[in-house]
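Note that the numbering runs from 1 along the sequence shown for the chain. Each ligand, and each atom within it, is numbered from 1 in the order the structure gives.
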Amino acid sequence: MSGILTYALHYQGEFNKNSLGAVSEGAKLVKEIGGQAAAVVVGEGDDLTDEMCASLGEYGASKVYRARAPDGLAQPVVDVMAKVIGDEGYSYALFGGGLLGFEIGAGLTARLNGGVTMEVTEVKAQDGKLVAVRPILQDSAVVDVDYVEEPGIIIGRLNAFDTEESGEGSAEVVDVDVELEDFSTRARMVERGEQRGADVNIEDAEILVAGGRGLGNAEGFELCEGLAKALGGAVAATRAVVDAGWYPYAAQIGQTGKTVAPKLYLAAGISGAIQHKVGMQSSENIVAINKDQNAPIFEFSDLGVVGDLNKILPKLTEALEAKKGG
Ligand SMILES: Cc1cc2nc3c(=O)[nH]c(=O)nc-3n(C[C@H](O)[C@H](O)[C@H](O)COP(=O)(O)OP(=O)(O)OC[C@H]3O[C@@H](n4cnc5c(N)ncnc54)[C@H](O)[C@@H]3O)c2cc1C
């Protein structure tokens, strides 16, 4: 059988938005190359009900493989996906990106001796095969990558694939028995950490308020947190402030941090270094507040405000709260 297998990550009874984007993308692509659009769901909890798994049909999956194995760690998922691909012969595995997607995709590539493309921003169907498009050279050019052998592993850039409800109803749910490799059980999840600043996952947040060294000190982040709360978003940070211990690494955006693409990225006291830019330049709207009118961030902002963030952020927060209150 040919087709595309995706991995659907879930947490507390809900699928991750990025994974749903991959499921939707896989469903769209099999219409062009043929075969089945399927998804793998892994977990040990009671939340993996038939109903929940079958709901991936609403995003276009026709079959869902459910495996009882530890979730949130890469190697058990690699074991499951390698077995399903080996038994059923899927031609491609598609991931929505994010740290776990990268790790599973890389592990699956090594296990199956496949070909892999990471940071993919678009997938095209050509002559019955998939071609992955990815930016290179710090996003100054794009290349088309095709696969000479199966399976082809495609790992999207975070939020590269849109979530689309196909209206095709529920998927068939199939339980898979997988014997985990010894090394896959040597790590276990002890605890999931919560993001400081907002109860929203930074990679899923539609609005991010990002702070840089211009905040002056760790306490300066309270201004970002206040505004993020008023906007219903999350807080992000530059490497300079993470290195200084002002904010956790989990919030770092950029070359050595996360890549995000929210609807709104509000950058306060951030100069706009290239290493920061590569992690946020795909945001739909970029608003920058900086007291230096020559700051590089203004070169790629949709709206630039030249001024002191200590005055602007509290006023903005106050105005938004007054609007909500009114
Ligand atoms: C290999 C490598 C990897 C890196 N990876 C990353 C990465 O992943 N992410 C990342 O972010 N960086 C990364 N960096 C660091 C990057 O080069 C920059 O040093 C960093 O992004 C700068 O952070 P910043 O904008 O907070 O600080 P600064 O560059 O110091 O900018 C502070 C800005 O705040 C403004 N400002 C000051 N006071 C105020 C005020 N009161 N009101 C308004 N504006 C004010 C200033 O005008 C200035 O523009 C990396 C560097 C290297 C070499």
Side-chain angles (χ1 to χ4, degrees), residues 97-103 118-119 121 134-140 155 157-160 195-198 201-203 205 207-228 230-231 233-262 264-283 285-320:
L99 291 178
L100 192 60
F102 275 97
E103 211 180 326
M118 296 194 167
E119 290 278 335
T121 50
R134 66 153 298 174
I136 54 163
L137 301 173
Q138 292 189 329
D139 289 4
S140 57
I155 309 177
R157 186 173 270 192
L158 193 73
N159 297 330
Q195 208 96 44
R196 183 187 148 198
N201 184 330
I202 193 171
E203 285 157 304
I207 297 177
L208 285 176
V209 179
R213 200 144 43 186
L215 291 171
N217 51 36
E219 289 66 46
F221 266 95
E222 285 167 18
L223 296 176
C224 292
E225 289 175 353
L227 182 57
L231 286 165
V235 175
T238 65
R239 175 167 167 179
V241 296
V242 170
D243 285 353
W246 297 1
Y247 221 65
Y249 171 70
Q252 183 179 315
I253 306 300
Q255 189 183 319
T256 44
K258 289 183 176 148
T259 302
V260 291
L264 172 65
Y265 192 89
L266 194 148
I270 293 179
S271 58
I274 179 74
Q275 297 90 352
H276 187 76
K277 182 183 172 192
V278 294
M280 46 67 83
Q281 64 191 350
S282 306
S283 305
N285 297 288
I286 299 172
V287 176
I289 302 171
N290 198 302
K291 66 177 184 186
D292 174 8
Q293 62 175 8
N294 296 316
I297 195 147
F298 289 135
E299 289 163 22
F300 53 93
S301 296
D302 299 288
L303 176 69
V305 183
V306 180
D308 183 354
L309 62 85
N310 294 302
K311 293 188 184 144
I312 298 166
L313 293 185
K315 286 229 160 78
L316 204 50
T317 308
E318 207 182 291
L320 282 160

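In this structure, Gln275 and Thr256 have side chains that are not in contact, with every pair of non-hydrogen atoms separated by 4.5 Å or more. Using a 4.5 Å cut-off on side-chain heavy atoms (C-beta onward), Leu264 and Val287 make contact. Two residues are said to be in side-chain contact when any heavy atoms from C-beta on lie closer than 4.5 Å; Leu266 and Leu227 meet this criterion.
In this structure, a donor-acceptor pair under 3.5 Å is absent between the side chains of Asn290 and Asp292.
Residues passing the salt bridge (Lys or Arg N to Asp or Glu O under 4.0 Å) test with Glu119, sequence neighbours excluded: Arg157.
Using cut-offs of 30° and 60° on the angle between ring planes, the pair Tyr265 and His276 is tilted.
Contact shell of ligand 1 (protein heavy atoms, cutoff 4.0 Å): Gly212, Arg213, Gly214, Thr238, Arg239, Ala240, Gln252, Ile253, Gly254, Gln255, Thr256, Gly257, Gly269, Ile270, Ser271, Ala273, Gln275, His276, Asn290, Lys291, Asp292, Gly307, Asp308, Leu309, Asn310.
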